[in-house]
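Here's the structure, in structure tokens; my notes come after.
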Amino acid sequence: MNANEPKEHQDFIRQAVQRDRDAGKHGGRVHTRFPPEPNGYLHIGHAKSICLNFGIARQFGGKCNLRFDDTNPLAEEQEYVDAIMDDIRWLGFQWDELHFASDWFDRLWDDCVRLVKSGKAYVDQLDPRKLRELRGDWFQPGADSPYRDRPVEANLELLERMRKGEFADGEYVVRAKIDMAHPNTNLRDPAMYRIRHARHHRTGDRWCVYPMYDWAHGQNDSYEGITHSICTLEFEDHRPLYEWFIESLGIHAPQQIEFARLNLTYTVLSKRKLLQLVKEKLVDGWDDPRMPTIRGMRRRGVTPEALRAFCEHIGISKFNSVHEIELLEHFLRDDLNRICKRRLAVLDPIELVLTDWPTGKVDLVDALENPEDPSAGSRQVPFTGRLLVERDDFRDPAPKKWFRLAIGQEVRLRYGYFVTVHSIERDAQGNVVRLLATHDPRTRGGNSPEGKKVKGTIHWVAQEHAIDAEVRLYDRLFAVADPNDVPAGKDWKEFLNPNSLATRTVSKLEPSLAQAKPGERFQFERLGYFIADDRDGRPGALVFNRTVALKDSWSKLEKKLGPEE
RNA sequence: UUCGGUAUGGUGUAAUUGGCAGCACAACGGAUUCUGGUUCCGUUAGUCCUGGUUCAAGUCCAGGUACCGAAACCA
């Protein structure tokens with residue numbers, strides 16, 4: 001951030017901004033904007049853009065606007081506007097100015113009239129099919145519309161009648177007069193206005209002509225005094241048009257700069273596919289914790305700090321890259337490890353009875369709130385002779401290098417006692433239903449007075465004191481790294497991960513968790529990071545979502561040791 | 001076949017603009033540990049290809065190759 005930090009790498013956009021500012025361009029001002037269309041929810045790809053635009057403003061002492069690109073009344077809704085603003089604030093950013101493309105409709109119309117007057121735009125009345133036909137293609141130049149040279153006065157009159165609503169949808173269209181043979185098809189007389197007798201979520205029925213993206217966007221940037229208009233790669237071909245409009249109008253000229261949009265392994269980011277997942281109920285809504293939407297990630301328990309750290313570290317380039325989800329998980333764990341209080345929770349319980357425990361005795365043992373943060377202090381957890389432990393923490397017979405519960409193997413119950421299983425009880429089907437063990441009373445708190453070591457430490461809860469909860473274990477949405485790479489004859493939805501959600505309804509938690517507030521995050525020791533769900537859960541009927549599991553080097557080891565003999 | 005872009009370890013991203021290819025994640029190995037977590041140390045591994053200029057090329061030049069985007073009255 002400042003000069004005494006070790007030299008910092010700037011991406012090519014920041015370098016350009018820096019150069020412009022140092023050269024005194026735009027009076028040394030830096031002004032960016034984030035321009036979402038309010039026709040869907042923000043996802044992690046938008047987060048990258050938000051961090052970039054707001055981050056540049058912050059870094060260079062400039063401003064960043066939020067502008068809703070609401071030029072298509074058919075797609076856009078107020079609901080999305082509210083959600084987008086909420087998500088941006090949650091991410092930790094605040095816009096300097098709030099604008100809507102629709103707020104500029106009057107001025108934009110005036111500029112259109114100006115362009116028509118100067119002979120640089122005209123009213124066309126080709127039907128869409130014919131218009132498209134005359135545009136040509138990548139290999140063939142287009143041809144002029146027969147209406148291209150309509151006199152200015154006639155254009156002006158038609159323009160006025162269009163605006164007044166005298167024509168039906170699609171009957172007329174305003175086009176820029178550029179070059180129908182231009183190798184860049186964007187410059188083959190692009191449409192500026194189309195007629196749409198549709199109610200707009202902000203302007204209501206005031207307009208029946210709506211501007212196209214290319215005509216609106218650059219001018220809006222200009223009106224707002226934007227200095228650097230940052231967008232994604234697919235608009236690179238539009239830049240000449242962006243510049244043509246501004247130059248033709250003779251107004252303030254922002255610099256459009258393009259960067260590669262974000263891609264992530266094991267997920268999809270296209271609005272279309274995300275929408276499909278929701279509509280076909282393949283996920284439980286836009287805020288399903290498996291969704292890469294900001295709302296989904298919020299519910300999953302992702303922190304804004306982790307998301308920002310991720311966005312800052314992935315960098316900005318023009319290379320179409322795919323980031324590994326592991327990187328996001330790294331920053332998530334990094335943040336969560338620092339801030340989360342630890343709790344004991346058993347997701348798939350099996351009974352562990354201490355046969356030598358004094359009947360009825362309840363021992364309150366001290367447990368650290370967060371070993372990473374001594375100032376967080378400690379809490380007390382009730383320990384008794386009837387405990388529940390994780391079914392997966394017991395094996396019979398024990399595999400190689402197994403440090404956890406097995407017959408005759410002493411392990412530590414975290415913050416409790418050393419215990420040794422001596423026998424097990426099975427049901428009629430042969431399933432283990434109860435472990436019978438003894439404890440070493442001298443190891444209270446988890447340490448042996450003579451310094452005896454045990455290799456395994458496991459978590460537990462006391463049966464009579466534990467509370468119930470539903471715990472949802474989330475995993476990657478897709479089973480393959482690149483669900484966009486679909487072999488012929490297959491559908492991308494076939495690659496959804498069937499195990500992306502596993503619900504544990506029999507989970508038992510340590511009693512202090514009864515006070516958990518919706519949205520509160522914890523580490524369940526040895527399991528992962530969890531957040532109290534604020535939609536389906538409430539005090540008394542707790543639901544926890546797993547944000548991300550702890551790293552698990554045992555499962556790797558186990559895999560490497562191979563199938564048991 | 002047109003136009004516009006992009007190529008650096010498995011992944012992503014740097015390289016003072018011609019001067020020892022660095023960082024992070026991942027993987028692997030080890031140390032520490034009352035979480036098989038955390039932390040710490042270490043290892044593997046890279047400049048798309050072919051030529052050229054130069055004392056010196058990831059960087060400059062020439063020619064290839066591969067990949068991405070673009071032909072909405074969507075954004």
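Note that the structure is predicted; figures quoted are calculated from it, not measured. Worth knowing before you read on, the calculation uses all heavy atoms, side chains too, and leaves out hydrogens, waters and symmetry mates.
- Contact annotation: A:T185 side-chain N/O to B:U2 OP1/OP2 distance is not under 4.0 Å.
- Under the 6.0 Å cut-off for aromatic ring centres, A:F383 and A:Y415 do not qualify, their centroids lying 6.0 Å or more apart.
- Between A:F167 and A:Y172, the ring planes are tilted. Angles from 30° to 60° get that label.
- Distance check: A:L368 CG to A:R414 CZ gives 7.0 Å after rounding to the nearest 0.5 Å.
- Below the 3.5 angstrom threshold, one finds no donor paired with an acceptor across the side chain of A:E326 and the base of B:G12.
- For A:F105 and A:Y193, the ring centers are positioned 6.0 Å apart or more.
- Contact between the side-chain N/O atoms of A:K48 and the OP1/OP2 oxygens of B:G12 is not found at any separation under 4.0 Å.
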Exercise for the section: Dot-bracket for RNA chain B, please, read 5' to 3', with Watson-Crick or G-U wobble pairs under 3.5 Å on both distances, ( ) within the strand, [ ] crossing, | other strand, . unpaired. Expected result: .((((((..((((.....[..)))).(((((.......)))))....(((((..]....))))))))))).....
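- With B:G36, B:U8, B:G69 as the candidates, the nucleotide lying closest to the side chain of A:K401 is B:G36.
- Stacking of the aromatic ring of A:W138 onto the base of B:A70 is found: the ring centres lie under 5.5 Å apart and the planes are inclined by under 30°.
- A distance cut-off of 5.5 Å between ring centres, combined with a plane angle under 30°, leaves A:Y213 outside any stacking arrangement with the base of B:C74.
- No N or O donor and acceptor, one from the side chain of A:Q523 and one from the base of B:G37, sit under 3.5 Å apart.
- Annotation: A:H200 is not in aromatic contact with A:W207 [ring centroid separation under 6.0 Å not met].
- For A:R404 and B:G36, a side-chain-to-base donor-acceptor distance below 3.5 Å is present, hydrogens and geometry of angles not being considered.
- Among B:G12, B:A75, B:A24, the nucleotide with an atom closest to any side-chain atom of A:E37 is B:A75.
- Taking the six-membered ring for Trp and thresholds of 30 and 60 degrees, A:F522 and A:F524 have nearly parallel ring planes, at less than 30 degrees apart.
- Judged by atom type and distance alone, A:N184 does not reach the base of B:G4 through any side-chain donor-acceptor pair under 3.5 Å.
- Considering only side-chain N and O atoms, A:R342 lies nowhere under 4.0 angstrom from the phosphate OP1 or OP2 of B:G37.
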